[in-house]
Amino acid sequence: MAFPIVNSIASWFLKKRIHQMELFLKYPNEVQHELLNHLVQKSKNTVLGEQYGFNEIKNYETFKERVPIITYEEFEPLIERSRQGENNLFWPTPIKWFAKSSGTTNAKSKFIPVSSESLEDCHYAGSKDLLCLYLNNNPNSKLFTGKSLRLGGSKELYKENGTSFGDLSAILIDNMPFWASYSSTPNNEISLMSDFEAKMFATVKSTIKENVTSLAGVPSWMLVLLNRVLSYKDETNLINIWPDLEVYFHGGVSFEPYMQQYQSIIPRDQFRYYEIYNASEGFFAVQDQNQSKELLLMLDYGIFYEFIPMETYGTANEKIFPLDGVEQNKNYAVVITTNAGLWRYKVGDTVRFTSLSPYRIKVTGRTKHHINVFGEELIIENAETALKRVCQELHCEIVDYTAGPVFMKGKDQGAHEWIIEFNKLPDSLANFKAKLDLELQRLNSDYEAKRKNNVTLNPLVLHAAKPKLFYVWSKQQNKLGGQHKIPRLSNKRDYIEELLRINDSL
């Protein structure tokens, strides 16, 4: 009887937040500029604040002139000093936690500062707002009559010099409020297991006994877990195991390649999929409508946003705009200033605005994850959309993929080389390859121009991967689970060659 009461109280509490959201929905740019002023004034006496004269910054134009845009590598010396226990370097309150992330393009670990303010006012606020919006859109939800099955890449936190570091999931779980812990499964002990295989087995054993009403995690790794649940119970769909299952909250990678597989194991017409956009650096956006994949940019989490048009990114004419300077349907690199002391920091993601009132976005890829060796500017959004359309037409399913360039050699033209692991193979790989190539041309005029008459690019090269190739690669890289992502597109051949070598050995 306790769960209906919890459901009622939680619904009432979370729905109150809707009224608070109305402020930034109505006055988005004013909220953002007021937030910037607050961050600057709060940090004016830090080492970085004194270096850039924060006490004299009264508006965005001065902020833009004085504070340079930075990458992690440029900010790392200050972060390392903070990890050694120094305070007041780039944020006035002590930084207790650092989210360790290796990313997908660099084996070197990154340590992203997580302040008390960012933990509470950003990461946890985002999780609560996700539930708030979902409940507001689905008033008959029975979400809290059961538990949320979570799957993170959590490993134990390591402590040194008075600070802690580890996977963001571990930081969130370690500091999780009671209500969230109470409504989640598996327990913290299992969630924080460092051995991914052991954690998967323990999670299956633990969660099949629960009344799971929602799922939360990265699509690729969650699918691995759910298939193991089905195998363990000798079932073909999850509704037979968890009859009250109603929603999957997902993020981290594009959901497009996995949609068909989820629909096949969760055969419920009213089942909901809610996407989020978060990272170690912060919680940025959340799906706020049942049937739309657009994400509402959250403007009151202590993050000030700027955007670099991708046509100028990395050039001598690079431009940057605050929120009130963006245009619809253009591709932008994201730059953030946060309540954890990241100042004009390049996140590495690219987004496209689908709406300017309110500000809604779609994540289109990574600044480093595209193929532009021949001027074709192929981005992840193109790849995901093309793969989805071809898979639907040919009734096949994809597990994972990556693609890279085939460089010109002598008189030989260049090309794109793909390796795709299928869950369900197409009847003809040659037909799949031809249709994928055509679909990419329809979606990307630059790619189409380079492919015309094979003037620059030959037809793409396609390899069908052996089963579990990407799982084996991830295990070898110690990147199983959680926020670890498969590198989709690259301007170099490192990933494709390594995967082809492993594929040959399987």
Report yes if the side chains of [X] and [Y] come closer than 4.5 Å at any heavy-atom pair, otherwise no.
X    : Y    : value
Y471 : W221 : yes
E76  : K110 : no
L143 : N138 : no
L299 : Y305 : yes
V229 : W242 : yes
I419 : Y495 : no
R352 : Y332 : no
S127 : F249 : no

Look only at the side chain of [X] and the backbone of [Y], and say whether a donor-acceptor pair between them is shorter than 3.5 Å.
X    : Y    : answer
D504 : R501 : no
R360 : A285 : no
S231 : N227 : no
S206 : A202 : no
T185 : T207 : no
E421 : L469 : yes
Q261 : I398 : yes
S214 : V247 : no
W418 : K433 : no
T213 : D244 : no

Next on the checklist: I'd like to know whether E74 forms a side chain to side chain contact (heavy atoms under 4.5 Å, CB included) with T71, so could you lay out the CA-CA distance, the side-chain angles of the two residues, the decisive distance to 0.1 Å, and finally the verdict.
Outcome noted: CA-CA 5 Å; E74 292 165 326; T71 61; 3.3 Å; yes
Hey, could you give me the [atom1]/[atom2] distance between [X] and [Y], rounded to the nearest 0.5 Å?
X    : Y    : atom1 : atom2 : value
I371 : L378 : CD1   : CG    : 5.5 Å
L296 : L130 : CG    : CG    : 11.5 Å
L443 : L438 : CG    : CG    : 11.0 Å
E246 : I239 : CD    : CD1   : 10.5 Å
I112 : I79  : CD1   : CD1   : 5.5 Å
K435 : L394 : NZ    : CG    : 6.0 Å

Next on the checklist: Using side-chain hydrogen bond (donor to acceptor under 3.5 Å, both in side chains), reason through Y72 and E281 one step at a time and then give a plain yes or no.
Outcome noted: CA-CA 11 Å; Y72 178 83; E281 293 87 352; over 6 Å; no
Checklist entry - If you count the non-hydrogen atoms of other residues, nucleotides and ligands that lie under 6.0 Å from NZ in K233, is the total more than 12? => result no
Next on the checklist: Are there over 12 heavy-atom neighbours, none belonging to D427, within less than 6.0 Å of that residue's CG?
Outcome noted: no
Looking just at side-chain N and O atoms, do [X] and [Y] make a donor-acceptor pair shorter than 3.5 Å?
X    : Y    : answer
Y273 : Q263 : no
N454 : Q413 : no
Y134 : N290 : no
T315 : N317 : no

Checklist entry - Stepwise, does the side chain to side chain contact (heavy atoms under 4.5 Å, CB included) test hold for L215 with L225? => result CA-CA 11 Å; L215 310 171; L225 171 63; over 6 Å; no
Checklist entry - Got a sec, which residues hit side-chain contact (heavy atoms from CB on, under 4.5 Å) with T456, two or more places apart in sequence or on another chain? => result F374, M408, K450
Checklist entry - Is there a salt bridge (Lys or Arg N to Asp or Glu O under 4.0 Å) between R344 and E306 once you walk through the steps? => result CA-CA 8 Å; R344 307 197 81 196; E306 295 175 272; 2.7 Å; yes
Checklist entry - Please walk me through it: do R272 and Q287 pass side chain to side chain contact (heavy atoms under 4.5 Å, CB included)? => result CA-CA 11 Å; R272 305 291 189 194; Q287 181 178 330; over 6 Å; no
Contact summary for [X] and [Y], nearest pair of heavy atoms:
X    : Y    : result
R150 : S184 : NH1-CB, 3.5 Å
A279 : F284 : CB-CE1, 4.0 Å
M222 : L149 : CE-O, 3.8 Å
W473 : P487 : CH2-CD, 3.7 Å
D324 : Y359 : CA-OH, 3.9 Å
A464 : N503 : O-ND2, 4.1 Å

Checklist entry - Hey, would you say the Y262 and F255 ring centroids sit under 6.0 Å apart? => result yes
Item to check | Verdict with reasoning, D400 to R488, per salt bridge (Lys or Arg N to Asp or Glu O under 4.0 Å) | outcome: CA-CA 9 Å; D400 269 312; R488 298 303 195 195; 2.9 Å; yes
Item to check | Candidate pair H463 and E417, rule side-chain hydrogen bond (donor to acceptor under 3.5 Å, both in side chains), full reasoning | outcome: CA-CA 8 Å; H463 306 273; E417 188 167 13; 2.6 Å; yes
Checklist entry - Taking only residues two or more places apart in sequence or in another chain, which ones pass ring pair (Phe, Tyr, Trp, His ring centres under 6.0 Å) with H123? => result none
Item to check | Short N-O contact, E376 and R451, less than 4.0 angstrom | outcome: no
Checklist entry - Charged N to carboxylate O under 4.0 angstrom, E197 versus R228? => result yes
Next on the checklist: Would L223 and V399 count as a side chain to side chain contact (heavy atoms under 4.5 Å, CB included) here? Give the steps.
Outcome noted: CA-CA 9 Å; L223 190 60; V399 177; over 6 Å; no
Next on the checklist: Strictly by ring pair (Phe, Tyr, Trp, His ring centres under 6.0 Å), give each pair with a member in residues 424-457 just once, sequence neighbours left out.
Outcome noted: H416-Y447, F422-F432
